[in-house]
Amino acid sequence: MMDTETYTGHCTCNHVRYRLHGRPMFVHCCHCRWCQRETGTAFALNAMYEAERVELLSGDVEVINTPSNSGKGQLIARCPKCRVAVWSNYGGMGDLVRFVRVGTLDEPDRMPPDVHIFTMSKQPWVTLPPGGAPAFHGFYEREKQWPKDALARRAAVLAKAGM
Ligand SMILES: [Zn+2]
Ligand SMILES: [Zn+2]
């Protein structure tokens with residue numbers, strides 16, 4: 001792996017420990033009702049990584065198929081002991097891209113959101129800072145928001161999977 005920057009994280013009981021290699025492709029702050037329900041709070045903060053950049057340092061994960069808004073399901077990887085979610089996969093991409101739960105990082109402050117999405121259901125007391133990450137009523141156009149290198153990383157993942 002060329003990137004030297006790494007980030008470590010763990011579940012609450014410390015059974016699952018992981019290391020991320022390099023910066024995330026993109027970080028979503030999702031204010032949709034599904035994320036609110038699944039986290040039990042106001043939004044979800046997910047950092048997108050190629051699966052190969054997510055290194056399991058100890059423990060194992062239990063993958064639970066959870067209903068999702070798209071109908072394709074979300075596979076959520078949880079600690080089998082404390083059941084805290086550490087990452088998940090969405091839709092038809094299999095385990096190619098992992099949505100890592102930023103709150104499980106040892107230093108979550110290092111991964112602020114690149115975009116706010118589904119602000120149509122944002123809880124009214126959550127005030128987004130002016131001049132901060134762009135905010136969208138629903139989803140957004142990836143090609144317009146992602147940096148070029150992140151788009152290239154995503155394309156490489158898809159190409160490798162023959163998609
Ligand atoms: Zn745990
Ligand atoms: Zn959401």
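Ligands are counted one by one from 1 in listed order, and the atoms in each one are counted from 1 as well.
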Heavy-atom pair with the smallest gap, counting every atom of Arg78 and Arg83: NH1-O, 2.8 Å

Counting backbone and side-chain atoms alike, is an N, O or S atom of Cys30 positioned under 2.8 Å from the Zn ion (ligand 2)? yes

Decide, counting backbone as well as side-chain atoms, whether His10 has an N, O or S atom less than 2.8 Å from the Zn ion (ligand 1). no

Under 2.8 Å from the Zn ion (ligand 2), is there any N, O or S atom belonging to His31? no

Should the ring pair Tyr90 and Phe99 be called parallel, tilted or perpendicular, given that the plane angle runs from 0 to 90° and is split at 30 and 60? perpendicular

Test side-chain hydrogen bond (donor to acceptor under 3.5 Å, both in side chains), reference Tyr7, set Arg19, Arg23, His21, output is Arg23

Using a cut-off of 6.0 Å, state whether more than 12 heavy atoms not belonging to Phe43 lie near its atom CZ. no

Could you please compute the angle at the Zn ion (ligand 1) from SG of Cys13 to SG of Cys11, rounded to 10°? 110°

Determine the minimum heavy-atom distance between Cys79 and His15, stating which atoms define it. SG-CB, 3.8 Å

ang(SG Cys79, the Zn ion (ligand 1), SG Cys82) rounded to 10° is 110°

Near the Zn ion (ligand 1), is there an N/O/S atom from His15 that is less than 2.8 Å away? no

